[in-house]
Amino acid sequence: LAQIALMRRWASTFAQPRDARATQGLVVGMANFEITIHSGRLRSIVGIEETSPDVYVQLICRLDGKDTEFARTSTCQGSDLVPQWEGARFAMQVSDGASLVLRMYCERSLRADLLCGEVTIDNLPEIAARVEKNESFTPPEYTMKKRRSKRGSLLCSFGPVAEPSVSEGVLSRFLPADEFKAGLAQLLDRPGDLKERVRRRFRENADTIGRDGLLAMRPDDCSSLGMVLSQKLGVPVETFGEISQMFYRFEVSGEDLLYEDEVVLMVMTMLFSYRDSLLGPTAELQQLACSIRTIQLSERYDIIQQLGRGGEGEVNLARNKSNKDEVVVVKTIAKANRTESVETTSREFELLRKLRHPQIARVFDIFQDSTRVHIIQEFYSGGDLSKAVETAKRAGSMPNERWLINVFRQV
């Protein structure tokens, strides 16, 4: 009965994202036109100091005063407050009285995403009639508002619906190998849509066992979720084969539970890793996030001496060419040696760059070349933990568990 009610509710709305990825494969009728979101222009965002924030656009159906999200674009960096998307296309189906609402959000890691502004498009029947004549067109930029104040603009275009190459956003395990790989890459090409589908499956399968009655999952629950996602997404169940072990990598609360955001991050990480294992180290996958600039190390720094070398890279002491008084530590990591997916690696680098803590060496910059990633960090000459232990011993203090606890409290 719940499934029937859900289908009826979706059938009363008007939207079906391209490849139908955001509707879990529910067919809601023939689409009338396709909207492509190209770019936006933002004024300065209150509470955000960056000039290149991570932003995405949420697509919402507004019908009878009720808003229903059905899809979103991927997250991109709004370089100089001008975000641009490539091929963010969604198919629309018009119902009487429905409006399309486009909301732009600034993505934040530790707090709720910040609404930048929104656009309401009410003339959907007029757009559908124009596209019905096989006409593609780009109207003037839509003004984006927040609390009646102008906050920027969005550039969109409309045209006939293109045929999706992956039917209803679900892969078939009986496809030829090459088609399956291409379909998997396409499925993961829309991480925003895919995350929403994982969230819905989480809410359907989780229990109110978390703190304050929040939905959460135990290790066994995550294994069951892997089976469900395997069926709904059309990926082999072995994609989530070690999900109960991966559980503890993402369990950070100490409650032996995973909450919604943690489960979504875990599932996406496993899907991206599975994709990389199939596709191998292609040139596209070797290139990390576009927000990590491509620069040659020799353009910025002179190497003074090597401080260490390991299985994944090396650490060097270097001098800034533009400021001879600035000495930094350069950690160089080979891309070919990474064990994580591109998305996971990029996310970790982005978080590292934003980290600010008085007891942790500051990261000044991160950039990449064709084969390596370079992390530019503050230089501490006091040594590492092993040197601190030796110094304590020489001073007559025997390091024990309590001594180590005091050290880690500083961090």
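Here the structure is a predicted model, which is why all the values come from computation and not from measurement.
Rounding to the nearest 0.5 Å places CZ of R103 at 8.0 Å from OG1 of T120.
Residue I35 comes nearest to L100 through the heavy atom pair CD1-CD2, 3.8 Å, listed as atom of the first residue, atom of the second, then distance. Between L124 and A98 the shortest heavy-atom distance is CD1-O, 3.6 Å. Nearest heavy atom pair, residue P139 against residue C156, reads CD-O, 3.4 Å. The minimum heavy-atom distance linking F379 with V327 is given by the pair CB-O, 3.7 Å. Here the closest non-hydrogen pair linking V330 and A318 is CG2-CB, 3.7 Å. Of all non-hydrogen atoms in Y259 and L214, the two that sit nearest each other are CE2-CB, 3.8 Å.
Side chain of N323 to backbone of D325: a donor-acceptor contact under 3.5 angstrom is found. With hydrogens and angles ignored, the 3.5 Å screen pairs no side-chain donor or acceptor of Y105 with any backbone N or O of D54. Remark: the backbone N or O of R309 is not paired with any side-chain donor or acceptor of E314 at under 3.5 angstrom.
Side-chain contact check for R362 versus Q377: every heavy-atom pair is 4.5 Å or farther apart. E118 has its side chain out of reach of K146: every pair of non-hydrogen atoms, C-beta onward, lies at least 4.5 Å apart. Here the side chains of M266 and I243 are in contact, with some heavy-atom distance below 4.5 Å. Counting only heavy atoms from C-beta outward, the side chains of L102 and Q58 never approach each other to under 4.5 Å. A 4.5 Å side-chain heavy-atom check between N320 and Y301 finds at least one atom pair inside the cut-off.
The side chain to side chain contact (heavy atoms under 4.5 Å, CB included) test with R199 singles out one residue from R203, R197, R201, and that residue is R203. Residue F158 forms a side chain to side chain contact (heavy atoms under 4.5 Å, CB included) with just one option from T36, T138, V131, and that option is V131.
At a cut-off of 3.5 Å, with distance as the only test, a side-chain donor of E251 or S253 sits close to an acceptor on the other residue. No donor-acceptor contact under 3.5 angstrom links the side chains of S39 and Q84, judged on distance only.
A salt bridge links K321 and D302; the closest N-O separation between the charged side-chain nitrogens and carboxylate oxygens is under 4.0 Å.
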- Derivation and outcome, salt bridge (Lys or Arg N to Asp or Glu O under 4.0 Å), residues E326 and R319: CA-CA 6 Å; E326 181 182 332; R319 191 182 306 278; over 6 Å; no

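Taking the ring axis of F137 as reference, the NZ or CZ atom of R130 stays within 45° of it and closer than 6.0 Å to the ring centre.
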